[in-house]
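Below is one structure, written out as structure tokens; comments come after it.
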Amino acid sequence: MKIRLALITSISVLITCTALLQPNNLTAQSSLTEAQIHDKAASLLQQMTLEEKAAQLSQLPGVPAHEFVENAGKPPEEVLKQFGAGSILWVSDPKEINRLQHVAVEQTRLHIPVLFGLDVIHGYRTIFPAPIAMASSWDTKMVESVQTVAAQEARAAGIQWTFAPMVDIARDARWGRMVEGAGEDPYLGAAMARAQILGFQGKQIGSPDHVLACVKHFAGYGAADGGRDYDSSYIPEEEMWNVYLPPFKAALDAGSGSVMSAYMDLNDIPATGNRWLLHDVLRDSWKFNGFVVSDAFAVRSLAIHGYARDPADAAYKAFTAGLNMDMASGTYLKYLPMEVQQKRISMQQIDDAVLPILETKIRMGLFEHPYIDESRIDATLNDPAHRQLARTAVQRAVVLLRNQDALLPLDKTGKTIHSIAVIGELGDAQTDLLSMWGALTKPGPTVSILQGIRDKVGASVRVDYSPGPNLRRNIPSPFGDIAMFANMKPKPTQTSEEVQQSIQDAAALAGKSDTAVLVLGEINFMSGEAASRSSLKLSNSQEDLLEAVSALGKPVILVLINGRPLEISWAAEHVPAILEAWYPGNEGGNGIADVLFGDVNPSGHLPVSWPRVTGQLPLYYNHNLTQIPETSPNFKSRYWDVPSTPLYPFGYGLSYTTFSVDHLNVTPSARVGDKIEVSAEVTNTGDRTGDAVVQLYIHQRAGSASRPVRQLKGFERVALKPGAKQTIHFTLGKDELQFWSPAEKKWLVEPEQFDVWVGQDSTATLHGEFKLTE
Ligand code: BGC
């Protein structure tokens, strides 16, 4: 029965995914050819005043932002009426969007529509699992479908531009924004970047029911010193090319029409004024012809960084570095015209920067269809297929980290378990399951984990709840006071007596129950922007709660809600079952219950190396070898207090069934420029249907530079019935075999000996080798 259900679910996912990819023509693309688009933009440019051009290079804040008014000298709407605007951000009310668009189209001299932008990161109304969770699915088709729906909902409600995907590689879980990306690996990161661009934009920019994507934050933001958000990154050029840039390149190859520059200093030059990034890499090497927007207020911030002398110099430095649009700081608006008058910037440079913005608006169909049909929004936002896809996404994203003695799946019939205690503030949370950006848009109702479990077991099992201690940051989030995040309110601080009492109450409930499901981790504001932490320990006495409940000797299941790996070394030894659910979105409770009770077999795999302790960070599997590698028998050179290996390796994830991978076949040798074929057979050796994620890693043994001990270069997710086998084929071509050599300062495929491993995580042992020759 359970197997049948899983099969039905997979089939319906496929049907749903295919159906969702068919646009329903709520919004239409431009009817013009590329040449006509260019001509129209060029002719508009000829009619524009310098101030109107500066306005097109500006994104106006749609919510009060005093920095903007201070710089621009007038409120955004006055600017809009007088000069128009390139874009407006943070407005999510469709009525307001239509109203402002009417102002732009009907009240400005040249009738140029506004591009409305918002952070639609993992859903607009239907909130899907956070990006790190989506990456855990290793399911690019599903991720594309998810972002197709996100685009459809956003576009129906008037948002034409999303500030996503975030593709920053994150190797340090102290950095709060790990949650917004695909984790630590450039290959998986590139695959997720590509899938998201295709989902957001469709076949091409301007596809009906899609939005313009904005790959961010260009580049190196995830390498912030000490994991402290916004702090400087120091990344050597080879690491930029080999690790941090590939997901951006993949997003641009997939057609991303815009790029957002990052906040931080990259090698002492702020990314928003960094000509190497914005010009040499983006325009010269990659031939990008879309436009670049700064991160919010980042142009003005160039002066705060100590890079620009004053706001005028900030505008000059950002603009001449290659940045087209100033997000919200009003700096371009005020100073670019002055820079032109003073002849530091030419009109031609201004025109070159405005052109791609106008072209994009035309390509998006905004001139032909500037307004949204408000009467059709609800039908799109409330499409039940979207909720179904959200539930499937949760089912595919959760990662089973531990399952001693097959404690999971739980029995829902009431035969062996009569009562369950759900424990922890996050067990009954809703908004906290959405992550920060999910709470910003117009989220639909969220199914809590408590509700999901109750709905699953019905009257057969008693389900009680105890919240345990309140969760809150000791230094509150700076976003807490912003109206846009008003639905994210942490609970009050408790006295130590109250905390102890809450733990005792929870333990008492667990003592009366057959099984305890502890839901622990991080509330919304604990991960995301401005949410770095120095320790990954379970905060707010959650570890005490876990140990107190575990001491009762009842079966305990730990469900983690969080945006990054947490320190769970004690749990990894003492808690029999651990399920990583990340921030699962609106359907979190249902999807998690589906997995806990075995209607779905978990299949997620970690997109990050999971540290044992915070002190191991930064931690990543694709590090170089040392003179004394981990495998050395006698002389250990790493930490003396903990093993240097992760608690759970990159790529790791359990299932309720088991898989074996064997029969590895590798082309033994090939000439540089030719391809290497690899195949291996995966078998479901257990008694349940499940999805395996087969991963391929390589290592180049010598060359013009030391190469990482392993690098992911292929993966495939396959569904297998018990006993079923499938041969998986991988091809290693130039893209997989090349690296940017610091010795030669270019991309090279080198005639060397390589190792190959295929298996179910980055510690795979099934080994082969091949040689590349001249
Ligand atoms: C974030 C960006 C986001 C922008 C607009 C900034 O604070 O760093 O990721 O897209 O705000 O909301």
Side-chain angles (χ1 to χ4, degrees), residues 58-65 67-68 76 86-92 115-124 130-132 147 150 154 159-170 175-182 193 196 200 211-224 228-231 233 247-248 251 256-266 270-272 291-302 304-305 323 325-330 435-442 477-485 488 525 527-532 563:
S58 301
Q59 188 177 45
L60 315 183
V63 297
E67 295 93 332
F68 176 85
S87 173
I88 296 182
L89 84 160
W90 297 322
V91 181
S92 55
L115 190 56
F116 286 89
L118 191 71
D119 294 275
V120 180
I121 307 294
H122 50 113
Y124 177 80
I132 193 151
Q147 300 299 32
I159 302 300
Q160 306 123 348
W161 186 20
T162 181
F163 308 124
M166 188 204 99
V167 304
D168 295 307
I169 295 292
W175 188 55
R177 303 195 79 169
M178 179 179 261
V179 60
E180 295 177 50
Q196 294 189 77
F200 285 131
V211 295
L212 178 71
C214 183
V215 61
K216 70 185 189 185
H217 308 83
F218 196 61
Y221 186 28
R228 291 178 297 271
D229 203 7
Y230 316 129
D231 267 13
S233 294
F248 287 94
S256 183
S258 69
V259 173
M260 184 187 292
S261 68
Y263 277 131
M264 78 303 144
D265 275 350
L266 173 69
T272 294
F291 68 94
V292 184
V293 64
S294 72
D295 203 336
F297 308 106
V299 175
R300 179 193 59 125
S301 299
L302 294 182
I304 305 173
H305 274 270
L323 186 103
M325 192 183 278
D326 167 7
M327 184 186 277
S329 86
S435 100
M436 182 175 150
W437 294 120
L440 166 81
T441 55
K442 289 262 181 274
S477 168
F479 294 105
D481 298 328
I482 298 181
M484 287 191 294
F485 296 102
M488 293 167 60
F525 274 142
S527 261
E529 188 172 349
S532 297

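Each ligand, and each atom within it, is numbered from 1 in the order the structure gives.
Aromatic rings from Tyr221 and Trp175 are positioned such that their centres are separated by under 6.0 Å.
Taking the side chain as every heavy atom from C-beta outward, Val120 and Val211 never approach each other to under 4.5 Å.
Looking only at heavy atoms of the protein, atom 3 (C) of ligand 1 is closest to Asp119 OD1, 3.2 Å.
Each of the following atoms of ligand 1 lies closer than 4.0 Å to a heavy atom of Arg177: 1 (C), 2 (C), 8 (O), 9 (O). Taking every non-hydrogen atom of Met260 and a distance limit under 4.0 Å, the qualifying atoms of ligand 1 come out as 10 (O). The ligand atoms of ligand 1 that sit less than 4.0 angstrom from a heavy atom of Asp295 are 1 (C), 2 (C), 3 (C), 4 (C), 6 (C), 7 (O), 8 (O), 11 (O). Residue contact check: His217 has heavy atoms under 4.0 Å from atoms 2 (C), 8 (O), 9 (O) of ligand 1. Taking a cut-off of under 4.0 Å to the non-hydrogen atoms of Phe163, the atoms of ligand 1 that pass are 10 (O).
Between Val91 and Gly62, the closest heavy-atom pair is CG2-CA, 3.5 Å.
For the pair Lys216 and ligand 1, the shortest N or O to N or O distance falls below 3.5 Å. At a 3.5 angstrom cut-off on N or O pairs, Trp90 counts as close to ligand 1.
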Item to check | Derivation of the side-chain hydrogen bond (donor to acceptor under 3.5 Å, both in side chains) call for Asp295 and Tyr263 | outcome: CA-CA 6 Å; Asp295 203 336; Tyr263 277 131; 3.3 Å; yes
Next on the checklist: Checking Ser435 against His122 for the side-chain hydrogen bond (donor to acceptor under 3.5 Å, both in side chains) test, could you report, in this order, the C-alpha distance in whole Å, the side-chain angles of both residues, the deciding distance, and whether it holds?
Outcome noted: CA-CA 9 Å; Ser435 100; His122 50 113; 3.0 Å; yes
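Annotation: cation-pi pair Lys216/Trp161 absent, no NZ/CZ under 6.0 Å from the ring centroid and within 45° of its normal.
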